[in-house]
Each structure stands twice: as structure tokens, then as C-alpha cells.
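One structure is given below, encoded as C-alpha cells.
All values below were derived from every heavy atom in this structure, side-chain atoms included, with hydrogens, water molecules and symmetry-related copies excluded. What you are looking at is a predicted structure, and each value in this text was computed from that prediction instead of being measured.
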Amino acid sequence: MTTALRVPEELSARVPAEQRGKGLDRDAVRLLVSRGTEVSHHGFAELPGLLRAGDLLIVNTSPTLAAAVDGRIGHARVVVHFSTRGDDGRWAVEVRDPDGRGTTRARAGGPAGTEVRLPGGVRLVLEEPLTGRSPRLWWGRVSEPGGRVPEPDGSGREGLGPEADVLGLLGRHGRPIRYSYTERDQPLSAYQTVFALPAADGAGSAEMPSAARPFTARLVAALVSRGVQFAPVTLHTGVASAEAHEPPYPERFAVPETSARLINAARAGDGRVVAVGTTAVRAVESATGADGVVRAAEGWTDLVVTPERGVRVVDGLLTGLHEPEASHLLMLEAVTGRAAIDRGYDAALRGRYLWHEFGDVHLILPEEAPHTEHCASNCR
């Protein structure tokens, strides 16, 4: 069922929860809870009562960038989505066509040497596809006015000028990436989670780590009072266009020593480790050895979590409701199994849950024996 699932258009969340009625906050979304194949329905504000002392939430601190910038190829208008900055100064980018409604549609990538003119006289030159699997994302190099882009071999011949400040360009001329199911442009603040922290190098995510969006400071305080702990990690996620479902490409991540210790301690006790979003899963599982021990790590991860590989640390997952493209579905299956995912998607559709980054959320918890559940509710 799941791979053929199609979400009715009216179930797409078109605006953030706090804009749907007077007095609403981000946590005014619904929460579908799965324990094995059993599902229940809640409001997100009930989350503290669904977790228990000793549980630990892994949260992604990556801030969201204003990653969409208008440009031109010749006389044609385009929109560039800046995705991921490489170690060599290049950026993985996706060039898209404006659709006349404030959003974009897919465009064939390349060819090599294509020049995109950006605001302020900045130039982007496409050099090569990011991977051989898809022509959608390209490595491109950006230069300031009067500068020259380097040769593909990195030699920097012919008087290479200064590399453009891409983060400055995004700050001046960028806007958040927006998809066609949303109603209107939103300020960048609507795409920042309560856990977002500025990166020392200005890096961030091209798209919001959306599973954490419903959290508010008030709800975090209630969870802490409940005895729930938080382990921050970072994964700077790239673009994920709805039209293309190629496997995820490498992304930058970091798991600090303090978070590794918190996770290991929770696993040694009775706490459940719940990742807030698939980005948090990818980050922490990338720092986990075959022995199940989490160690501080940072760099690039190309990990794809599949049912065959399984998860070594994560017991549960809080995730948004998204159309199940292949890599996302495989990760969910690794956490809870295919039958549970099918049941959850069916329940979300029947219950008229709202989908996508401004929509409702799904909490996947491990199935527990009846006596364990009884103790969890009466032995605190």
C-alpha cells in the first residue's frame, strides 16, 4: 500500500499551525501514536504524558537557510536552491523553473559550463552532476563580480577572483524553499525550530528539520519537568524535491561528546531513545559503532538506514507525515517494521491528518508488554 500512497490535495498543510486560528501556537497540531500496529490519536501538547522519566529525545540543531535565490540563464528566469556546501567551496545546487505561482517546478540539470546570473552580479557556474544517479543536483562554483570561476581541476588559472560569500547572498536575497502545496511565502522564522542554533561557520539546512517544528519553549519545559532529556546533534540537510526520490546523498553531521554520553546512559538504563526526525536518526546512527555504542563524531555521512542494516540506537521516532519516497520509507521500516508503517499511514489518511512540513506528526514507539506499560504509568 505505502509506496503507492497518494495524499489528497486537501490534506496538505498549506500554512503553519499558528496561522490557522486565533490564539494557536506551533503545538496546535495532531499527534498520531503508533506502538507496533496499534495506533491512538492525540494532540501534540499531550506529548509529555506519552513519554516518561528517563526517555531521551535526540534533536537536530541545524538552522534553516533562506536557500532559494532568483537568477537567470540567458533571458530565462530560474530559481536556484542552494543545498550543501562542499569542502572545496563549491555548492550542491538545484536549478528550477518558476511556475508563476510563487513556487517552482523541476528543470533538467546542466549542462556543464552553464552560467547562472544571480543578484548583485554574482555568477554561478555548473561544473558536474553531484552523483551519477540523477542529473537534478549539480556541483557549482560561485564568484563575485569580476572574479573568475576556477577550472574544474581546481587549478584556479587565469586570475581567479574572490569566491562569493554565498551565505551573505542568501541572507540578502534568499528566501525559504517553498513547495506548491503551500499557500504563500513565509518568513524564515516560520522554518526555524525551537532547537535551531547558529553554526559557527554559518552553515545550515536547505530545508527545515520539520519533525521538530511543533515544539515550543513551553512544551520543552514540560518535557524537562517530566524527566525527559534532550541530546542535541546536527545534520545539515539538503534539498529534497517532491518530484525526485533518489537515494540521499552525503550530508554534514556532528554528534558531540555530551550527547553521545547522554544517549549511552539512556540505553544503559530504562529510557527509550526517540529521534526527532529522520535527520536525527541519520546523524546518531552515523556515530554508532557495530557494538551499539555512540561516540562523538563529525564530518560527512553517506549512511542510508535500511531494514537490512537496521538501527542500533534509536528505539522510536517522531516524524512528520510525508509522502513515502523510498529512502524515508526504508528508514521508518528499519525503526518499526513495514506492517506498523502501513497501519500508521492508513490511520493518518482515515483520520484526515495534515501532511508535509506544516502538518501533523507521527510518534512511533516500541511495542511493550502489558505489564511494562502498567508499570510505566503507575510506578513513577
To the nearest 0.5 Å, how far apart are CG in Leu126 and CD in Glu115? 10.0 Å
Could you please spell out the steps behind the side chain to side chain donor-acceptor pair (under 3.5 Å) verdict for Ser62 and His236? CA-CA 6 Å; Ser62 178; His236 297 311; 2.8 Å; yes
Using modelled atom types only, decide if a donor and an acceptor are shared between the side chain of Asp302 and the backbone of Pro250 within a distance under 3.5 Å. no
Quick one about Trp139 and Asp88 (side-chain donor to acceptor, distance below 3.5 Å, no hydrogens or angles considered), yes or no? no
Residue among Val276, Thr193, Val59 satisfying side-chain contact (heavy atoms from CB on, under 4.5 Å) with Phe215: Val276
Met208 reachable from Val79 in the ILVMFWY side-chain graph, under 4.5 Å edges: no
Flag for Asn60-Thr279: side-chain donor and acceptor within less than 3.5 Å: yes
So does Arg213 pair up with Glu357, basic N to acidic O under 4.0 Å? no
By the definition side-chain contact (heavy atoms from CB on, under 4.5 Å), identify the one residue from Leu11, Val29, Asp360 that meets it with Tyr353. Asp360
Do Arg105 and Asp99 sit within salt-bridge range, that is, some charged N less than 4.0 Å from a carboxylate O? no
Is Arg312 reaching over with its side chain to a backbone N or O of Asp291, donor-acceptor style, under 3.5 angstrom? no
Looking at Val284, is its backbone amide N or carbonyl O close enough to the side chain of Thr288 to form a donor-acceptor pair, meaning the two atoms are under 3.5 Å apart? yes
Check: Trp355 ring centre within less than 6.0 Å of Tyr345 ring centre: yes
Could you tell me whether Tyr179 and His356 have their ring centroids closer than 6.0 angstrom? no
Looking at Arg107 and Asp97, what are the two nearest heavy atoms and their distance? NH1-OD1, 2.7 Å
Give a yes-or-no answer on whether the side chains of Thr237 and Glu251 include a donor-acceptor pair shorter than 3.5 Å. yes
Atom CD of Gln186 with >12 non-hydrogen neighbours under 6.0 angstrom: yes
Whether the side chain of Gln192 engages the backbone of Thr64 through a donor-acceptor N/O pair (distance < 3.5 Å, no angle test) should be reported. yes
Please name the residue in the list Arg184, Glu183, Arg14 that meets the side-chain hydrogen bond (donor to acceptor under 3.5 Å, both in side chains) test with Gln19. Arg184
Could I get the full list of ring pair (Phe, Tyr, Trp, His ring centres under 6.0 Å) partners for His173, not counting sequence neighbours? none
Does Val220 belong to the same Ile/Leu/Val/Met/Phe/Trp/Tyr cluster as Phe44, with side-chain heavy atoms less than 4.5 Å apart forming each link? yes
Counting N and O atoms only, with roles assigned by atom type, does the side chain of Arg20 sit under 3.5 Å from a partner on the main chain of Val15, one being a donor and the other an acceptor? yes
If you group Ile, Leu, Val, Met, Phe, Trp and Tyr by side-chain heavy-atom gaps below 4.5 Å, do Trp91 and Trp300 land in one group? no
Can you name the nearest heavy-atom pair linking Ala347 to Leu32, along with the distance? CB-CD1, 4.1 Å
